[in-house]
Every structure is written in C-alpha cells, then in structure tokens.
There are 4 protein chains.
Amino acid sequence: MASRGINKVILIGNLGNDPEIRYLPNGGAVANLSLATSESWRDKNTGEMREKTEWHRVVLFGKTAEVAGEYLRKGSQVYIEGQLQTRKWQDQNGQDRYTTEVAVQPFSGSMQMLGGRGGQNQGQPMQQSPQQQGGWGQPQQPKQPQQNFNQQPPQQQSAPQPQSQPQQQYNDLPDFDDDIPF
Amino acid sequence: MASRGINKVILIGNLGNDPEIRYLPNGGAVANLSLATSESWRDKNTGEMREKTEWHRVVLFGKTAEVAGEYLRKGSQVYIEGQLQTRKWQDQNGQDRYTTEVAVQPFSGSMQMLGGRGGQNQGQPMQQSPQQQGGWGQPQQPKQPQQNFNQQPPQQQSAPQPQSQPQQQYNDLPDFDDDIPF
Amino acid sequence: MASRGINKVILIGNLGNDPEIRYLPNGGAVANLSLATSESWRDKNTGEMREKTEWHRVVLFGKTAEVAGEYLRKGSQVYIEGQLQTRKWQDQNGQDRYTTEVAVQPFSGSMQMLGGRGGQNQGQPMQQSPQQQGGWGQPQQPKQPQQNFNQQPPQQQSAPQPQSQPQQQYNDLPDFDDDIPF
Amino acid sequence: MASRGINKVILIGNLGNDPEIRYLPNGGAVANLSLATSESWRDKNTGEMREKTEWHRVVLFGKTAEVAGEYLRKGSQVYIEGQLQTRKWQDQNGQDRYTTEVAVQPFSGSMQMLGGRGGQNQGQPMQQSPQQQGGWGQPQQPKQPQQNFNQQPPQQQSAPQPQSQPQQQYNDLPDFDDDIPF
DNA sequence: TTTT
DNA sequence: TTTT
C-alpha cells in the first residue's frame with residue numbers, strides 16, 4: 001500500500017537546453033531536462049542586487065517524456081512536480097558517485113508548459129526558428145526508438161550524468177496508458 | 001527582485017540519525033538531517049510487495065537548526081519545506097563533485113515536528129534513553145559554538161558530504177531574528 | 001488532455017471529529033473530514049501570543065475514503081494533498097450558496113496518517129477506547145453501503161454542507177482499483 | 001512560536017478579470033484576484049473530452065498586492081502560493097455566510113507572473129490595450145489610497161464576496177518592509 | 001470540533 | 001545551459 005512519507009518537488013523554471021529524449025528497449029520514452037530556477041535579492045550589506053541560479057536535473061517517463069520532447073525547447077518555461085531520487089553509479093575509477101534528480105513519475109508527478117503558445121493567448125500563430133528561444137516549440141518529427149540507451153552521457157554542470165551507470169534502471173516503472181489523465 | 005522561478009521541496013519522513021549541529025564563526029547554527037522517505041507498492045508482474053527508501057540530506061539554519069538539534073532524534077517524523085541546492089566541491093583527488101541538498105531557508109522554508117510528543121497525545125511523560133527511537137527528544141544540553149565548521153565529514157549513504165568544501169559557504173544568509181514567525 | 005493550470009492543496013492538521021463516511025449508489029465510499037490547522041505567533045504590538053485555527057472541509061473518495069473511515073479518529077494527525085473545489089447549492093430559501101472543499105482525488109491526491117501507530121515507533125500495542133483521542137484508531141466494523149447519500153447534512157461551522165445539493169455529483173469519478181498506489 | 005500544522009495552496013491559473021486593488025486605512029494595499037484553473041479529461045464512458053474550470057478567490061497584501069495591481073491583467077497567467085482561509089460574514093438577512101479564499105501572506109506566501117512579458121521572450125515591446133488579454137500589463141497609474149474599503153462588492157461566480165463583512169479584518173497583518181525578499 |  |  002502506498003507509501004510512508006512524502007517526497008515532493010515543485011519547480012518552475014526555464015530549460016537550459018532542448019530536452020534529451022531516449023527510448024528504452026521496451027519502447028518507453030525517457031526525457032532529461034536541465035531546468036534553471038533563479039533567485040535574486042538585495043544584499044543587506046552592500047546594497048547590490050545579487051542573483052543565484054540553481055540547475056535541476058529532471059527526468060520524465062513515457063507519454064510525459066514524449067510531450068516534453070515534442071513541445072519543450074531551450075528557454076521554455078515549465079512547471080514540474082516530481083520526487084527526489086538519488087542514483088548511485090561508478091565513475092571511471094570505480095568510485096561510487098551519486099546523482100540526485102527530480103523524477104516525474106507517471107502517476108504522482110506532472111509536467112506543464114507555461115506561458116501559452118502564442119504568448120498572451122492572442123491566438124496568433126507562432127513561428128519559431130531553431131534559433132529562437134523560449135515558449136513552446138513545434139512538434140519535432142517522430143523519433144525512432146533506439147536501443148543504445150546510454151550512448152551519449154549528458155553533460156551537466158551541477159549533477160553530471162554517470163559515465164557507467166546501471167543499464168536497466170528504469171525497468172521497474174509501473175505500467176501506464178493513455179487513459180490516465182496526466 | 002525576489003525570484004524568477006519556483007524551487008520547492010516538501011518532505012515528510014523519519015530521521016536516520018540524530019541531527020548533526022555545527023556553529024558558524026558568527027554563532028549561527030547549521031543542522032544536517034538525514035531523512036528517509038519510503039514508498040511501497042505491489043509489483044505488477046510478480047505480485048510481491050516492494051519497497052524503496054530514499055534518503056535526503058536536509059540542511060537547516062539558525063533558529064530552526066537549533067530547534068532541530070534540541071528536539072529531533074533518530075526516528076523522529078518531521079515535515080520539511082525547503083529548496084533544492086547543489087553544491088560543488090573537490091574530492092581528495094581534486095575532482096569536482098556535487099552534492100544536492102534540501103535547504104530550509106529562514107524565510108521561505110519551514111520545519112515541523114510531527115506525531116506529537118507522547119505519541120497519541122496521551123499526555124504521559126516521555127522517557128527516552130539515547131537508544132530509543134522516534135518521537136521528539138528532550139532538549140539536549142546547550143552546545144558550545146565551535147569554530148571548526150567542517151571538521152567531521154558527515155557519513156551519508158546516498159549523498160556523502162564533501163571532504164573539502166568551501167569554508168564560508170553560509171555567510172550570505174539573510175539576517176533574521178526571533179520576531180519572524182518560523 | 002490533462003489540465004491547464006495547477007490546483008493543489010497541502011494540509012497537515014488534526015481531525016476535529018471522526019470521519020463521516022457515506023456510500024454512493026454504486027458502492028463507492030465518500031469520506032468527509034473536518035481538519036484543523038493552527039498558527040500561533042507573538043503579536044508585535046502587545047507582545048502576547050496569539051493563535052488562529054483554520055478549519056478545512058476535506059472530502060475523500062473510494063479506497064482512500066475507506067482507509068480514512070477505518071483508521072482516522074477525532075484528533076488524528078493527517079497529511080492531505082488535494083485540490084480546491086467550490087460547489088454551488090441552494091439553501092432552503094432557494095438562494096445560491098457556495099462551499100469550498102479540499103477534494104482528494106483518487107489519482108492526483110493523497111492522504112497519509114502521521115505520527116505512527118504506537119507513537120514513537122516503540123512497537124507497543126495501542127489500546128484506544130472511544131474516548132481517547134488522537135493517533136490512529138482500530139479499524140471499525142465494516143459498514144453497510146447505504147443508498148441515502150444525502151440523508152444527513154453534516155454540520156460544519158466554517159463551510160456548512162448544502163441542504164439540497166445535486167444528487168449525482170460524484171458519478172464522474174475515474175475508475176480506480178487496488179493496483180494504483182495511493 | 002510558529003505553527004502547528006501546514007496550510008498551503010499552490011495554484012497556477014489565469015485571471016478572469018483585472019485585479020481589484022483597495023487600500024486599508026493604514027495605506028496597505030489589498031488585491032483580489034479571480035483565478036481560473038481548469039482540467040480536461042476524456043470521459044471513460046462516452047469517450048468525449050470534458051472540461052471543468054475552478055474559480056479561486058485570491059487575496060494579496062502589501063507590496064505583493066501592489067505588484068499584482070500594476071502588472072497583472074485579465075488573462076495573465078500567475079503562480080500563487082498561499083493558504084486557505086475561511087471568513088465568516090452576514091448576508092443582508094443577517095444569516096451567517098462563509099467565504100473561502102487563498103490568502104498570500106507577506107512572509108509565507110508568494111506570487112509570480114508566468115509566461116514572460118512578450119510571450120515567447122522574443123523581445124518585442126508589448127502594446128496592450130485594455131481589451132487585450134493575457135501576459136503582463138504595463139504598470140497602471142499609481143492609485144490613490146481609498147478609505148472606503150468595502151464599497152464595491154466583487155462579483156465572482158464561484159465564491160461571491162460578502163455584502164456586509166467585518167471592516168477591520170486585515171488589521172492583524174504582520175509588519176513587513178521592502179527588505180524582505182518576496 | 002482538533003492539536004500544542 | 002535558461003530566464004528577467
């Protein structure tokens with residue numbers, strides 16, 4: 001039954017890069033987002049404005065991952081509800097390393113694009129070249145499922161992807177289908 | 001001003017150990033908690049119950065840290081509201097490492113002890129030897145402020161404390177005092 | 001599909017009364033909780049401590065409602081995650097009235113009992129007479145499903161139940177079963 | 001100190017109207033928002049898409065209220081973190097009525113405009129006539145503080161404003177100033 | 001109507 | 001690496 005404890009993360013931020021989508025052997029999609037949240041405040045001592053940006057590694061699964069891959073782009077503003085998850089892996093020296101991610105679970109998590117397609121809901125069509133940033137992108141071409149799940153280690157400053165991580169780590173996902181509203 | 005983005009973590013879990021309290025050169029308290037949240041579910045394929053525990057590294061500041069040090073014990077159930085924060089540090093080989101914590105900020109975060117003092121509010125006095133677990137402890141003796149802030153690297157399974165981290169990392173805290181209700 | 005917008009309520013509080021359980025014509029359970037959250041603070045002007053209690057009307061569905069009915073009692077501390085929902089109804093004079101509730105939806109919401117059964121996880125069996133308050137109760141006897149869903153209007157100070165409300169308001173619930181982990 | 005219990009509401013939605021700003025006798029601003037969150041889902045039985053919109057009454061105080069009054073407009077997308085609060089009032093027949101609001105407290109709550117000024121961050125200046133909807137408005141002219149706080153009962157579909165409510169209900173607000181980062 |  |  002259920003769970004003992006609450007593990008909930010709520011983020012609103014902007015993507016530092018286009019989502020990275022991969023496909024599991026069983027065809028399920030997995031998307032990784034690099035999401036920035038920033039705070040600014042006036043320093044009590046110096047009176048100057050200061051700013052600090054935090055980068056979050058977000059991982060999405062299944063349908064939600066596909067939607068992210070199709071509509072999110074570098075700069076997109078997005079709402080994320082997920083849970084904290086720390087994965088253990090070995091670096092090239094065989095040393096234990098840990099990476100903490102925000103996992104958006106199919107049932108309990110959610111992802112929502114913010115800001116509206118045409119900006120202020122004015123309904124005008126959005127033309128967006130690849131160089132343009134922010135907002136929602138046009139759907140990309142359907143991607144081919146790939147077998148090489150860990151082929152390209154993501155580069156991330158604040159919580160780098162392991163270079164040798166367990167292969168089957170997402171096989172335990174609960175089943176889910178289109179009928180579930182998320 | 002303020003912030004662009006939302007960075008919020010909500011946890012309810014139990015402490016794996018007594019809080020570790022340290023004091024900054026300016027006398028401000030810092031507490032580290034190791035907090036477990038667990039989920040259990042029935043495996044769709046095997047029909048067996050499965051359980052997974054996630055360990056969170058939580059850091060508290062100031063008054064909240066002192067309250068944690070005085071009243072929380074191994075096993076205590078606690079509510080935490082904080083924000084995700086990834087610190088960079090160098091390991092003994094000079095390699096960059098990252099540790100993600102849930103920081104309970106003086107203004108925006110909060111900590112709350114759950115479950116009541118005597119358990120089911122039956123009012124009976126709680127005697128709690130150091131070996132006993134859970135609930136709220138009696139206040140410990142006042143601790144002496146220490147200078148050696150990073151003296152003892154905490155041991156934590158899922159996100160170990162750096163062995164050589166920046167010394168002055170918490171000097172930017174906003175001022176706060178007893179009038180602020182948190 | 002899914003949703004545009006976020007509507008999320010998180011409460012931790014104590015029950016002012018035992019849960020009220022009812023059964024829909026289709027056999028689905030519905031539970032109503034009256035949940036108190038309180039804040040206390042020192043008045044800046046007078047220096048006195050002040051306290052304010054807020055009462056929340058919470059409604060649970062299905063399995064979660066049954067668990068609430070079996071284990072929660074007056075005084076129990078509970079975590080609730082749900083969504084705000086304002087229902088319109090007519091009072092005896094035919095005037096429109098509105099009641100705002102926190103609805104714990106089967107998929108997106110959750111309920112969790114806090115504080116542990118025996119208090120500090122000391123494992124001692126809990127004996128709890130009906131007069132005792134707080135903690136988790138023993139399971140009540142299984143209740144008989146009833147047809148008369150709106151037979152007894154609940155009495156609640158802060159957000160009274162309509163005396164003539166729509167009969168079929170909960171028929172749109174998504175299906176759910178035991179496999180869904182909530 | 002502090003509080004016993006958690007009372008937290010998180011909303012992301014769009015304004016149904018421009019904010020209504022009023023000023024307390026002491027000069028403090030109070031803003032009321034009417035915020036819509038909507039859900040859509042496919043009906044399991046009919047296969048049709050269905051949608052339900054929930055309207056939330058949000059109240060902001062002080063600086064946050066002023067920012068809302070200056071930058072938010074009908075259609076604006078906004079993030080709200082506040083707490084549930086039910087106010088009692090008497091209708092014209094002297095009957096007790098209750099209104100539930102989401103109050104964004106100066107210290108614990110927050111408000112954040114979403115979606116960026118020019119929509120997809122394309123940098124083009126936004127011209128917005130009063131009829132245009134969504135996005136962030138240009139700052140309005142500074143308003144004159146008014147004494148007649150309850151002069152105009154707001155019109156809101158789901159939780160109408162009382163027609164005769166307590167006059168001094170917001171006098172208990174904690175002091176706050178510009179140094180506090182929210 | 002709860003709890004501390 | 002984002003955004004303002």
Side-chain angles (χ1 to χ4, degrees), chain A residues 11-20 32-41 49 51-58 72-78 114-115 132-135 154-160, chain B residues 1-7 71 112-123 136, chain C residues 11-20 32-41 49 51-58 72-78 114-115 132-135 154-160, chain D residues 1-7 71 112-123 136:
Chain A
L11 301 174
I12 295 176
N14 297 277
L15 297 199
N17 284 300
D18 288 358
E20 299 164 8
N32 281 279
L33 310 181
S34 184
L35 187 70
T37 57
S38 40
E39 283 181 291
S40 58
W41 67 99
M49 287 305 296
E51 180 164 16
K52 186 184 162 200
T53 294
E54 196 68 38
W55 286 96
H56 309 274
R57 181 176 177 83
V58 177
L72 296 181
R73 291 291 171 272
K74 179 179 181 174
S76 297
Q77 193 182 33
V78 67
L114 301 176
Q132 280 182 310
Q133 295 178 3
Q155 305 302 118
Q156 194 201 29
Q157 186 185 356
S158 63
Chain B
M1 322 79 191
S3 68
R4 175 153 183 84
I6 296 295
N7 177 356
Y71 293 100
Q112 205 162 119
M113 298 172 282
L114 300 175
R117 196 179 309 258
Q120 269 51 58
N121 316 312
Q122 296 140 340
W136 306 355
Chain C
L11 301 174
I12 295 178
N14 297 277
L15 298 199
N17 285 301
D18 288 358
E20 299 163 10
N32 281 279
L33 310 181
S34 184
L35 187 70
T37 57
S38 39
E39 282 181 290
S40 58
W41 68 97
M49 287 305 297
E51 181 163 15
K52 185 184 164 201
T53 294
E54 196 69 38
W55 287 96
H56 309 274
R57 182 175 177 83
V58 177
L72 296 181
R73 291 291 171 273
K74 178 179 183 175
S76 296
Q77 192 181 34
V78 69
L114 300 176
Q132 280 181 310
Q133 294 177 2
Q155 305 302 118
Q156 195 201 27
Q157 185 184 357
S158 62
Chain D
M1 341 67 188
S3 68
R4 175 151 185 87
I6 297 295
N7 176 357
Y71 293 102
Q112 205 161 119
M113 297 171 284
L114 300 175
R117 196 177 311 256
Q120 271 51 59
N121 315 311
Q122 296 140 340
W136 308 354

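All values derive from a computational prediction rather than experimental measurement. Note on naming: letters A, B, ... go to the chains in the order of the sequence lines (proteins, then strands), and numbering restarts at 1 for each one.
Comparing E/dT2, F/dT4, F/dT2 by their closest approach to the side chain of A/A36 singles out F/dT2. When distances run from any side-chain atom of A/K74 to the nucleotides F/dT3, E/dT1, F/dT1, the shortest one goes to F/dT1. Side-chain proximity of A/N17 to the nucleotides E/dT4, F/dT1, F/dT3 is greatest for F/dT1.
Remark: the A/N14 side chain and the F/dT3 base include no donor-acceptor N/O pair separated by less than 3.5 Å.
E/dT1 has C/W55 stacked on its base ring, the centres lying under 5.5 angstrom apart and the planes within 30 degrees of parallel.
Distance CG (C/L35) to C1' (E/dT1): 11 Å, rounded to an integer number of Å. B/M113 has its CE atom 12 Å from the P atom of E/dT4, to the nearest Å. Atom pair A/R73:CZ and F/dT2:P shows a separation of 16 Å (rounding to whole Å applied). Rounded to a whole Å, the CG atom of A/L72 is 13 Å from the C1' atom of F/dT2. Rounded to an integer number of Å, the gap from NZ of A/K52 to P of F/dT4 is 21 Å. Rounded to whole Å, the distance from CD on C/E20 to C1' on E/dT1 is 11 Å. F/dT3 atom P lies 16 Å from atom CG of D/L114, rounded to whole Å. When the P atom of F/dT4 is taken as reference, atom CZ of B/R4 falls 5 Å away, rounded to whole Å.
Nearest heavy-atom pair, C/Q77 versus B/G115, reported as atom, atom and distance to 0.1 Å: OE1-N, 2.7 Å. In this structure, A/T37 and A/H56 approach most closely via the heavy-atom pair OG1-NE2, 2.8 Å. Considering all non-hydrogen atoms of both residues, C/N14 and C/G75 come closest at OD1-O, 3.2 Å. Taking every heavy atom of both residues into account, C/W55 and C/S34 meet most closely at CE3-OG, 3.4 Å.
At the heavy-atom level, C/T37 lies nowhere under 4.0 Å from the strands shown.
Residues satisfying the side-chain hydrogen bond (donor to acceptor under 3.5 Å, both in side chains) criterion with D/Q112, sequence neighbours excluded, are B/S3.
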